[in-house]
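First the structure, in the form of structure tokens, and then the observations on it.
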Amino acid sequence: MIYLNGDFMPIEEARIPVLDRGFIFGDGVYEVIPVYSRKPFRLAEHLLRLQHSLDGIRLSNPHSDKKWSELLEQIIAGNESDDQSLYLHVTRGVARREHAFPKGVMPTVFIMSNPLLAPPEELLATGVAAITANDNRWLRCDIKAISLLPNVLLRQMATDVGAIETVLLREGFMTEGAASNIFVIKEGILLAPPKNHLMLPGITYDVVLELAAANEIPHEVREVSEYEVRTAEEILLTSSTKEIMPITRLDDKPVGDGKPGTMFTLLHQLYQNYKSTVMRGNANVSAF
Ligand code: PMP
């Protein structure tokens with residue numbers, strides 16, 4: 001069951017007009033929210049980031065947080081899996097094709113759910129391969145825009161060579177992955193690039209840094225150079241759907257000793273513990 005502009009329906013029945021500005025211009029923003037045991041994870045943070053993205057494209061939020069939560073609850077209830085990945089999408093609506101914003105147009109609001117599958121144990125045991133590429137995206141990567149063509153092309157470069165992610169480098173520094181945030185471990189210290197216009201402020205990125213702080217894991221939020229990426233002891237990828245994964249090959253060379261390292265093992269365990277605490281309802285999802 002999906003939600004489209006006020007109605008719930010099976011996805012096969014959902015239709016939008018071809019003049020939707022999402023279709024014509026990619027003029028919209030989105031969110032992906034993981035749901036564990038039918039509870040959305042870090043909902044408040046995802047809704048805050050949605051607001052940031054909407055502000056970034058100068059589109060007013062069609063719903064209050066309360067209304068969003070109600071709609072999401074209905075979608076969760078209307079879908080089979082206990083663990084789901086909620087996708088919500090807002091565009092500037094339907095109007096004659098003209099770049100400037102149309103007046104008096106209702107935004108298009110779409111929500112769907114897919115089963116959320118944890119990364120397979122085998123992949124976590126061996127780690128995954130990634131490549132690097134020049135980050136040729138625009139300078140507002142903090143907006144979770146539906147216009148993802150650069151990300152699509154960058155991710156496909158990885159897929160073409162059997163890797164799972166593309167680590168992006170801009171002017172000698174790492175920004176993030178094509179669809180994930182990236183952490184680097186150097187001399188035992190967890191390094192994270194600072195949140196700015198060059199990367200998406202990942203919700204999982206925040207969880208990892210909070211876990212590091214709460215557990216006295218040495219960490220620094222600062223620019224990470226290409227050299228540090230290429231000589232890292234470990235590289236980690238994070239996202240709401242992939243959680244934390246170890247990158248053990250980069251550009252066909254082993255990262256460190258080519259096996260998932262101790263920082264991965266520790267953070268993965270802490271993340272699983274934190275998740276299960278949240279799922280049991282003993283923790284406020286908004287505050288660690
Ligand atoms: N960066 C990009 C470009 C992404 O698309 C994503 C999400 N797929 C992330 C980072 C990770 O963000 P989150 O942890 O909120 O899923």
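Read the numbers this way: they start at 1 and go in the same order the structure lists the ligands and their atoms. What you see is a predicted model, and the numbers here were worked out from it, not measured in a lab.
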For [X] and ligand 1, does the shortest N/O to N/O distance drop below 3.5 Å?
X      : answer
Ser240 : yes
Arg49  : yes
Thr204 : yes
Gly177 : no
Glu176 : yes

Is any side-chain heavy atom of Pro40 closer than 4.5 Å to a side-chain heavy atom of Ile76?
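The answer is yes, as the side chains (C-beta and beyond) meet within the 4.5 Å cut-off.
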
Are any of the side-chain nitrogens in Arg155 or Glu165 under 4.0 Å away from the carboxylate oxygens of its partner?
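Judged by the 4.0 Å cut-off on N to carboxylate O distance, Arg155 and Glu165 do form a salt bridge.
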
Protein heavy-atom partner closest to [atom] - residue, atom, separation in Å:
atom                    : answer
atom 12 (O) of ligand 1 : Gly202 CA, 3.5 Å
atom 11 (C) of ligand 1 : Asn181 OD1, 3.5 Å
atom 4 (C) of ligand 1  : Ala179 C, 3.4 Å

Under 4.0 Å, heavy-atom basis, I'd like to know which part of Met199 is in contact with ligand 1: side chain, backbone, both or neither.
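Met199 to ligand 1: no contact under 4.0 Å from either part.
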
Residue portion contacting ligand 1 (non-hydrogen atoms closer than 4.0 Å) for Cys141
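Under 4.0 Å from ligand 1, Cys141 contributes no heavy atoms.
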
Using the six-membered ring wherever Trp is involved, compare the ring planes of His89 and Tyr87 and label them parallel, tilted or perpendicular (cut-offs 30° and 60°).
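Plane angle between 30° and 60°, so tilted.
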
Which of these, Pro119, Ser180, Ser239, sits in a side-chain contact (heavy atoms from CB on, under 4.5 Å) with Met245?
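It is Pro119; the other options fail the test.
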
How close do Val32 and Lys144 get, heavy atom to heavy atom, and via which atoms?
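Reported closest heavy-atom pair: N-CE, 4.1 Å.
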
Centroid separation Phe183 to Tyr205 less than 6.0 Å:
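Close enough - the centres of the two rings lie under 6.0 Å apart.
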
Ala178 to ligand 1, any heavy atom closer than 4.0 Å
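A heavy atom of Ala178 does come that close to ligand 1.
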
Give a yes or no on whether Phe23 atom CZ has more than 12 heavy-atom contacts from other residues, nucleotides or ligands under 6.0 Å away.
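No, CZ of Phe23 has 12 or fewer neighbouring heavy atoms, counting only those of other groups under 6.0 Å.
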
